[in-house]
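What follows is a single structure, written as structure tokens, with notes after it.
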Amino acid sequence: MSSGLIKPQTLKGFRDYLPPLALAREHILEVARQVYRSYGFTPIDTPALEYAEILLGKGGTESDKQLFRFTDQGDRDVAMRFDLTVPFARFAAQHFNEIGTPFKRYHQGTVWRGENTQRGRYREFMQSDFDTIGTDSNASDIETLLVIHDLFGALGFDRFSIRVNNRMVLNGLLEKLGLAERTAQVLRALDKLHKIGRDGVIAEMGEQAGASPEQAARVLEFAALTGSPHEILDHLQPLLAGSAVGEEGIARLRELFNAVATAGIATDRVGLDVSIARGLDYYTGTIYETFLTDDPTIGSVCSGGRYDNLAGLFTSQKLPGVGASLGVDRLLAALEKLGQISAASTPAPVLVVLFDESCLGQYLRIGRVLRAAGINTEVFPDSKKVGKQLQYADRQGFQFALIAGSDEFQSGTWKIKDLKSGEQLSVAEADLVSTIRSKLNSK
RNA sequence: GUGGCUUUAGCUCAGUUGGUUAGAGCGUCAGAUUGUGGAUCUGAAGGUCGCGGGUUCGAGCCCCGUAAGCCACCCCA
């Protein structure tokens, strides 16, 4: 008999979300949505499946290998999106005449990469992106940084750091060193500075980019600069003199850090890090990475940057832009490790005990009263013993149980039991909402 | 895609040099005389020892393959 059962299992890199994790993830998405909207970003959505050529277009051979790709029932060559940026490029090109510019959108969705798994790295995961396209203005670069900052603040993080750099500075440097041809390889090596150290970087630059030890050392000299953003910029300025892109990069960074300071952002949360380069080669200007101070090993939890031309593969319209992507599942993995995920399995603070089955209507009615007041409320479905129902309430993580039997109905009152403290008080129905509300607010 | 480590109940693990019906804690469910939980006590359910092959009289324990998880490379959220 049982041999006929199908073994319940999920695919490698794919996973289920139980209530505590699902609640935490929805919370992150909701907070992000609010922050984006507060800056005027508007939502869009695109299909999970695209023509393979759309996603392959950008031609990173690495991402090609990671594509979930197949032939559909109509014999079309299709693939699952592996990020939200390429679909956005297609979207922008396709709807250019309808959206107008500048265009600020956010997009939260699932993406798929057939990559090997690790903690915080899955084959199916969510991204929460926001971008501003159709403008070159540094104001948008600065705003992007503010959004990232507000995002982590709103999520309740105190300890995080946003590292900023500018590709123009790096390009200016490489130009002056005669390494402009091998930009991608050099930057990829440089990006690993924190991981493989100085000698490792020099070795890799030699092997991968054909850089001489002298050239590599000069690159590292830049990357090793530390201090306040303006101190670093002061050091860089003379070294990049004569390089047009380099100087522009310096100027944009200077303006950015000035504005950030003026806007009142704590200086320890935002820093200039000349060694971050981002692997993706479509970034051309400002680049961002965000690290959690308490779990830096998980990697960047929010990354992005400025690009010259988002949709060049799909339209001759030039669409510069800047944006970033929040790694929702990576952030969740970090929160999990840090023990920050609440054990509660319910989004409702109040459980109404089904004490007397003959009064079911009363319990359902009071549930509606509380919900109308914005208080999520569940009514227990079985008339089990009160103890059982309270046990359920406690284990699911409810904060209050509402109990009423014949005594209470006679006097028009409800008993509110605080599941944490065990305290219980009787209140008239007219005061029920305000009492619960004030108790919730005082937490 | 490459390499290393791991895989026994829902979870965390024990299982002696391979030897009869595989254990514990936690969790779940049910009770401890019918209006109050998180403590304690009692009891129950729950495992083809990841899966498939092999060696052996006999394998959770040895060998091979395979899958998944973790770590590193690669890349990245």
Side-chain angles (χ1 to χ4, degrees), chain A residues 1-3 5 7-16 18 25 28 32 60-66 81-85 108-129 184 188-189 191-192 195-196 200 204 208 276-281 283 288-292 297-304 324-334 337 343 351 353-356 359 380 383-409 415-424 426:
Chain A
M1 292 299 146
S2 63
S3 63
L5 292 177
K7 185 180 177 189
Q9 57 182 345
T10 48
L11 288 164
K12 176 183 175 73
F14 291 70
R15 59 188 193 145
D16 292 323
L18 271 66
R25 186 169 77 164
I28 291 172
T61 51
E62 199 60 46
S63 45
D64 288 6
K65 278 187 290 184
Q66 297 178 359
R81 65 184 178 204
F82 64 92
D83 71 8
L84 298 177
T85 304
Q108 300 184 313
T110 308
V111 303
W112 296 268
R113 292 181 195 174
E115 190 184 21
N116 247 347
T117 54
Q118 257 180 59
R119 183 173 69 93
R121 304 177 61 164
Y122 311 101
R123 291 187 164 180
E124 176 180 70
F125 59 96
M126 281 203 99
Q127 289 192 324
S128 173
D129 279 29
R188 196 160 290 160
D191 208 34
K192 294 179 195 163
K195 209 179 263 179
I196 62 179
E204 181 161 335
Q208 302 293 323
I276 71 160
R278 306 286 311 131
L280 292 174
D281 41 9
Y283 290 123
Y288 317 86
E289 290 196 339
T290 311
F291 291 86
L292 299 180
T297 59
I298 196 105
S300 174
V301 287
C302 186
S303 311
S325 176
L326 179 68
V328 177
D329 287 277
R330 190 172 273 195
L331 194 55
L332 270 181
K337 183 184 174 191
L351 178 79
V353 171
L354 181 52
F355 181 72
D356 180 348
C359 298
F380 198 80
S383 62
K384 289 190 182 172
K385 289 184 177 177
V386 174
K388 284 291 164 202
Q389 298 191 44
L390 290 177
Q391 192 174 56
Y392 166 83
D394 185 54
R395 288 182 179 161
Q396 295 298 308
F398 287 89
Q399 296 176 50
F400 302 105
L402 228 52
I403 307 168
S406 54
D407 296 352
E408 285 77 14
F409 288 126
K415 281 218 167 73
I416 305 173
K417 186 175 182 77
D418 183 324
L419 275 318
K420 282 243 164 50
S421 67
E423 286 165 15
Q424 185 167 287
S426 234

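Order of the sequence lines fixes the chain letters, A, B, ..., with proteins taken first and strands second; residue numbering starts at 1 for each chain.
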Nearest-nucleotide check on RNA chain B, A:Gly13 vs A:Leu419; residue mapping nearer the 5' end is A:Leu419
P atoms of B:rG46 and B:rC29, separation to the nearest Å: 16 Å
The reported gap from CG in A:Leu332 to CD1 in A:Ile28 (rounded to nearest 0.5 angstrom) is 4.0 Å
Interatomic distance at C1', B:rG53 relative to B:rG10, whole Å: 30 Å
Gap separating the CE atom of A:Met126 from the OG atom of A:Ser325, nearest 0.5 angstrom: 11.0 Å
Let me confirm one number: the CG-CD distance from A:Asp329 to A:Glu124, rounded to the nearest 0.5 Å. 8.5 Å
Select base, sugar-phosphate, or nothing to describe what A:Gly299 touches, counting heavy atoms under 4.0 Å on all strands. nothing
Measure the distance from CG on A:Leu351 to P on B:rG37 and round it to the nearest whole Å. 15 Å
Expressed as a whole number of Å, how far does the C1' atom of B:rU40 sit from that of B:rC70? 39 Å
Please check this pair: side chain of A:Arg113 against backbone of A:Phe82, looking for a donor-acceptor N/O pair closer than 3.5 Å. yes
Anything under 30° is parallel, anything over 60° is perpendicular, the rest tilted; go ahead and classify A:Tyr392 against A:Phe380. perpendicular
Between A:Arg123 and A:Glu115 (side chain of the first, backbone of the second, donor and acceptor by atom type, cut-off under 3.5 Å), is there such a pair? yes
Both A:Ser325 and A:Asp394 contact RNA chain B. Which one's nearest nucleotide lies toward the 5' end? A:Asp394
Within the side chain of A:Arg119, is there an N or O that forms a donor-acceptor pair under 3.5 Å with the backbone of A:Ile298? no
At under 4.0 Å between heavy atoms, what does A:Thr10 touch on the DNA or RNA strands: base, sugar-phosphate, or nothing? nothing
Stacking of A:Phe125 on B:rA77 base (centres under 5.5 Å, planes under 30°): yes
Could you please name the option among B:rA77, B:rG35, B:rG37 that lies closest to any side-chain atom of A:Asp407? B:rG35
Please state how far atom CG in A:Asp16 lies from atom C1' in B:rA68, giving the value in whole angstrom units. 14 Å
Figure out the CD/P separation between A:Gln389 and B:rG37, and round it to whole Å. 12 Å
Which of the following nucleotides, B:rU2, B:rG31, B:rA77, is nearest to the side chain of A:Lys388? B:rG31
Determine the interatomic distance between P on B:rU42 and the same-named atom on B:rC26; round to the nearest Å. 11 Å
Could you state the interatomic distance from CG (A:Leu390) to CG (A:Leu351), rounded to the nearest 0.5 Å? 8.0 Å
Rounded to whole angstrom units, what separation is found between the CZ atom of A:Arg119 and the C1' atom of B:rC76? 15 Å
Supply the atom-to-atom distance A:Phe355 CZ to A:Ile403 CD1, rounded to the nearest 0.5 angstrom. 8.5 Å
Nearest to the side chain of A:Lys415, which nucleotide is it out of B:rU36, B:rC74, B:rA68? B:rU36
Considering only the P atoms, how many Å lie between B:rG27 and B:rU20, rounded to the nearest integer? 32 Å
Given that both pair distances must be under 3.5 Å and the pair must be Watson-Crick or G-U, what runs of three or more consecutive pairs involve RNA chain B? B:1-7 with B:67-73, B:10-13 with B:23-26, B:28-32 with B:40-44, B:50-54 with B:62-66
Compare the minimum distances between each of B:rC75, B:rU28, B:rU34 and the side chain of A:Lys385, then state the nucleotide with the smallest one. B:rU34
For A:Gln118, answer base if it contacts any base atom (sugar-phosphate contacts may also be present), sugar-phosphate if it contacts only those atoms, and nothing otherwise; contact means non-hydrogen atoms under 4.0 Å. base
Protein-nucleotide distance (A:Glu115, atom CD; B:rC74, atom P), rounded to Å: 12 Å
Checking only heavy atoms, does the side chain of A:Glu408 share a donor-acceptor pair with the base of B:rG35 at less than 3.5 Å? yes
What is the nucleic acid contact for A:Tyr392, judged by heavy atoms within less than 4.0 Å: base, sugar-phosphate only, or nothing? nothing
Taking the minimum atom-to-atom distance to the side chain of A:Gln391, which one of B:rG35, B:rG38, B:rC75 wins? B:rG38
In whole Å, measure the gap between the C1' atoms of B:rC13 and B:rG43 for me. 24 Å
Rounding to a whole Å, what distance do you find between A:Lys12:NZ and B:rU66:P? 13 Å
Nearest-nucleotide pick for A:Ser300, side chain only, options being B:rG1, B:rA77, B:rG35: B:rA77
Side chain of A:Arg121 - closest among B:rA77, B:rG35, B:rA72: B:rA77
Using the side-chain heavy atoms of A:Phe355, tell me which of these nucleotides is nearest: B:rG37, B:rG35, B:rU28. B:rG35
Just the rounded figure in Å: distance from P of B:rA77 to CD1 of A:Ile28. 17 Å
Which nucleotide in the set B:rC74, B:rU2, B:rG35 lies at the smallest distance from any side-chain heavy atom of A:Glu204? B:rC74
Looking only at atom C1', what distance separates B:rG47 and B:rG15, rounded to whole Å? 14 Å
Expressed as a whole number of angstroms, how long is the span from A:Glu124:CD to B:rA77:C1'? 14 Å
Same-atom distance (P) from B:rU34 to B:rU16, integer angstrom: 49 Å
Flag, side chain of A:Gln399 to backbone of A:Lys420, donor-acceptor distance under 3.5 Å: no
Does the side chain of A:Arg113 get closer than 4.0 angstrom to OP1 or OP2 of B:rC76 through an N or O atom? no
